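Taking it in order: structure first as structure tokens, then the write-up.
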Number of protein chains: 2
Amino acid sequence: MRLSTKGEYASRAMLELSLHHEEKPLHIRDISKAQDIPQRFLEQILLQLKRAGYLRSRKGPDGGYYLSRPPAEINVAEVIRVMDGPLAPIDCVSVTAHEVCPHESSCGLRGLWKEVRDAVAQIMEKATFEELAERTRAARSGRRRGS
Amino acid sequence: MRLSTKGEYASRAMLELSLHHEEKPLHIRDISKAQDIPQRFLEQILLQLKRAGYLRSRKGPDGGYYLSRPPAEINVAEVIRVMDGPLAPIDCVSVTAHEVCPHESSCGLRGLWKEVRDAVAQIMEKATFEELAERTRAARSGRRRGS
DNA sequence: CAATAGTCGACTAACTCAATCGACTTAGTG
DNA sequence: CACTAAGTCGATTGAGTTAGTCGACTATTG
Ligand code: FES
Ligand code: FES
């Protein structure tokens, strides 16, 4: 039940971009440093997110990436799906594949996998980057106060 | 967020064994046929489950595998953990690993991953093989009636 | 035009996964 | 006791995926 590094990096990058939303575009190098992601790899990831319509970019000096929609309108599930494909733990409960299992119609496990998929989807869909950014900011200032 | 084939096969095999609990030991060949799992691969899986204490086996003719505890006392989470390791989608929320992420203490994502892990764990832990076998039997007889 | 920054496709090394094999051990049958 | 049916175990393979790299290119700014 692991999430790929790509999915993780993508989420972290999107979070970073959300934190700086409405400022100047952020360039790859800075995201890479802030989140400790290999720059060349991050490049690919951002490109993929751009193609999927979540990011826009500007070339040249002072260029960089920025969100194409406000963070409140983007949730984690979408991002993960772009990077890793369907959230379903197994093909027989995926919307795009299934029909692989032998006794599919009478298999007691199928309902369980479905539950898992739905739970995961529900949690990730309700998590917007707006909210995550907010939580992050709160944690940072709380920490500063606390220490 | 995929489950490995090994995890899937292991669950299916355990389900099959639960369906025939209290009968003669089931041999690998039969499980393999019933669930359409490559026999040689299944061998490894059963062995691993045996080492983890969920199965016992008897050699010789009329040998085979059987559950070491009643199906009601085994849940899916345990089995998956044996085959695939921790359920956590990412290391920073796993009990046995973590501390990889850069701003772990102030990262808004961490809470989310935790939610996911807990949800998945909860669903899989409450699913015992007793119940799954029951559902399977119900589906089979229901189907027979229905068609 | 020089410098900076994103774009794109190809590439690779490492690793994991699914599966296979061969040789061995144990248990029951006659 | 020999034979045979079954599980045991470690090693190995081949395919595929993943994480990460590279080089050449294009667009923008000053
Ligand atoms: S139907 Fe897919 S595991 Fe049973
Ligand atoms: S702490 Fe692990 S993703 Fe942020």
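Here is how names work: the chains are called A, B, and so on, in the same order as the sequence lines, proteins then strands, and each is numbered from 1. If you're wondering where the values come from, they're calculated on a predicted model, not measured in any experiment.
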### Task
Would you mind reading off the distance between B:Arg40 atom CZ and D:dA6 atom C1', rounded to a whole angstrom?
12 Å
### Task
Can you tell me the distance, in whole Å, between the CD1 atom of B:Ile37 and the C1' atom of C:dT20?
16 Å
### Message
Ignoring hydrogens and geometry beyond distance, is the side chain of B:Gln44 in donor-acceptor contact with the base of C:dT20 at under 3.5 Å?
### Response
yes
### Message
Measure CD/A:Gln48 against C1'/D:dT18 and give the value in whole Å, please.
### Response
13 Å
### Summary
Closest to the 5' end of DNA chain D, once B:Arg58 and A:Tyr9 are matched to their nearest nucleotides, is B:Arg58
## Note on the structure
A:Arg51 has its side chain closest, among C:dG6, D:dC9, C:dC8, to C:dC8
### Query
Should we count CZ of A:Arg56 as having more than 12 external heavy atoms under 6.0 Å?
no
### Query
Heavy atoms under 4.0 Å, any strand shown: does B:Ile28 hit a base, just sugar-phosphate, or nothing?
sugar-phosphate
### Message
What is the separation between atom CG on B:Leu26 and atom P on D:dA6, rounded to the nearest whole Å?
### Response
12 Å
### Message
If the test is side-chain contact (heavy atoms from CB on, under 4.5 Å), which one of B:Arg81, B:Arg117, B:Met1 qualifies with A:Met1?
### Response
B:Met1
### Query
Using a cut-off of less than 4.0 Å, is there contact between a side-chain N or O of A:Tyr65 and OP1 or OP2 of C:dA5?
no
### Message
Quick check against the 3.5 Å criterion: does A:Arg58 have a side-chain atom that pairs as donor or acceptor with the backbone of A:Asp62?
### Response
yes
### Ion pair check, A:Asp30 and A:Lys24, cut-off under 4.0 Å
no
### Query
Any N or O donor-acceptor pair linking the side chain of B:Arg29 to the base of D:dG7 at under 3.5 Å?
no
#### Entry: Residue closer to the 5' end of DNA chain D, A:Gly60 versus A:Phe41 (nearest nucleotide)
A:Phe41
### Message
Could you tell me if B:Thr128 and B:Asn75 have a donor-acceptor pair between their side chains, going purely by distance under 3.5 Å?
### Response
no
### Message
In whole Å, I'd like the distance from the CD atom of B:Gln39 to the P atom of D:dA5.
### Response
14 Å
## Note on the structure
Taken to the nearest whole Å, CG/B:Leu47 to C1'/C:dA19 is 15 Å
### Message
Tell me the interatomic distance from A:Lys59, atom NZ, to D:dT26, atom C1', rounded to whole angstroms.
### Response
4 Å
### Message
Nearest to the A:Pro61 side chain among C:dG6, D:dT29, C:dG22, which nucleotide is it?
### Response
D:dT29
### Message
From the set D:dA6, D:dG20, C:dT7, return the single nucleotide nearest to any side-chain atom of A:Lys50.
### Response
C:dT7
### Query
Hey, is the side chain of B:Ser57 poking within less than 4.0 Å of OP1 or OP2 on D:dA6, counting only N and O atoms?
no
### Query
Whole-Å distance between C:dT20 P and B:Lys6 NZ?
14 Å
